[in-house]
Amino acid sequence: MYIGKLKKIKDINLVDLFRTIKLDSQINRITSIQGSSQLMPISPRYLCIADAFNLFFTDSQTKQLIQLKLDTGDFVQATSLAGALKNPDGICVNAKTGHLYVSDHELKVIFKLDTQLGLVKRFGTKELKWPRGMYYDWEDDSSPNCLYVCD
């Protein structure tokens, strides 16, 4: 499996790491992000390659959404949406608009974010029980746009 052009995050070759992962807990070997002021250990949950330049992942330790450069693995930014994220899980992107969707199973909501990671919308409080993985289905302008959520 080859994941974009991502090679290393702090001396860890992710291409080789993702080839050998047997259990989700093995990904905990990544302990910090070079270039980030993040002092807490990280524990990635879900990841999303948003475009040719950006990789995003949700982190269960820091309760943040973290953005890395896809080609180098360098840290770009992290956000907790001003403390709004409690337990971020699934993440996906609408490839047409660049909007990101992040599920939070503790709050039972989905956050819709713009390309600068600003909050656009929050929804699902009454409909969702335990949202996790997500997929945004967009093919062209003639097909309906659908956000699928594993709940």
Starting at CG of L113, measure out to NZ of K121 and round the result to the nearest 0.5 Å.
13.0 Å
Would you please test I110 and V102 for side-chain contact (heavy atoms from CB on, under 4.5 Å) and show each step?
CA-CA 6 Å; I110 306 293; V102 179; over 6 Å; no
Shared hydrophobic cluster, L68 / I49 (ILVMFWY, side-chain heavy atoms < 4.5 Å):
yes
Single-linkage hydrophobic cluster, 4.5 Å side-chain cutoff, F57 and Y46 together
no
How long is the span from the CG atom in L117 to the CG atom in L65, to the nearest 0.5 Å?
5.5 Å
Do L47 and L70 belong together in a cluster built from hydrophobic side chains that touch within less than 4.5 Å?
yes
Which atoms form the tightest heavy-atom contact between S103 and P131, and what is the distance?
OG-O, 3.6 Å
Of all pairs that satisfy ring pair (Phe, Tyr, Trp, His ring centres under 6.0 Å), the ones with a partner from residues 95-117, not counting sequence neighbours:
Y101-Y136, H105-W130
Tell me whether D89 is salt-bridged to R45, with the criterion being a basic N under 4.0 Å from an acidic carboxylate O.
yes
With R122, which residues qualify under salt bridge (Lys or Arg N to Asp or Glu O under 4.0 Å), at least two apart?
none
To the nearest 0.5 Å, what is the distance between OG1 on T115 and CG on D51?
9.5 Å
Side chain to side chain contact (heavy atoms under 4.5 Å, CB included) with E127: which residues, sequence neighbours excluded?
none
Between OG1 of T58 and CZ of R132, what distance do you get to the nearest 0.5 Å?
10.0 Å
Spatial distance of atom CG (N94) from atom CG (D137) [nearest 0.5 Å]
10.0 Å
Would a distance-only check, ignoring hydrogens and angles, find a side-chain to backbone donor-acceptor pair under 3.5 Å from N54 to K69?
no
Which is it for Q64 and D59 under the side chain to side chain donor-acceptor pair (under 3.5 Å) test, yes or no, and what are the steps along the way?
CA-CA 5 Å; Q64 293 186 332; D59 180 49; over 6 Å; no
Taking D114 for the side chain and G118 for the main chain, is one N or O donor matched with an acceptor at less than 3.5 Å?
yes
Could you work out, with salt bridge (Lys or Arg N to Asp or Glu O under 4.0 Å) as the rule, every residue matching D151, not counting sequence neighbours?
none
Return the minimal non-hydrogen interatomic distance between S60 and K63, and the atom names on each side.
O-NZ, 2.9 Å
At what distance, to the nearest 0.5 angstrom, does CD of Q67 lie from CZ of F75?
8.5 Å
Under the side chain to side chain contact (heavy atoms under 4.5 Å, CB included) test, residues paired with A95 that sit two or more places apart
none
Please indicate whether F123 has more than 12 foreign heavy atoms, meaning atoms of other residues, nucleotides or ligands, lying under 6.0 Å from its CZ.
yes
Spell out, yes or no, whether V109 and V149 are grouped together once hydrophobic residues are joined by side-chain heavy atoms under 4.5 Å, including indirect joins.
no
Set of side chain to side chain contact (heavy atoms under 4.5 Å, CB included) partners for V93, sequence neighbours left out
C48, A50, L100
Applying a strict under-4.5 Å side-chain criterion to I, L, V, M, F, W and Y, I'd like to know whether L85 and L119 cluster together.
yes
Taking C-beta and beyond as the side chain, do P88 and L81 meet within less than 4.5 Å on heavy atoms?
no
Derivation of the side-chain contact (heavy atoms from CB on, under 4.5 Å) call for K86 and D104
CA-CA 7 Å; K86 298 297 179 201; D104 189 309; 3.8 Å; yes
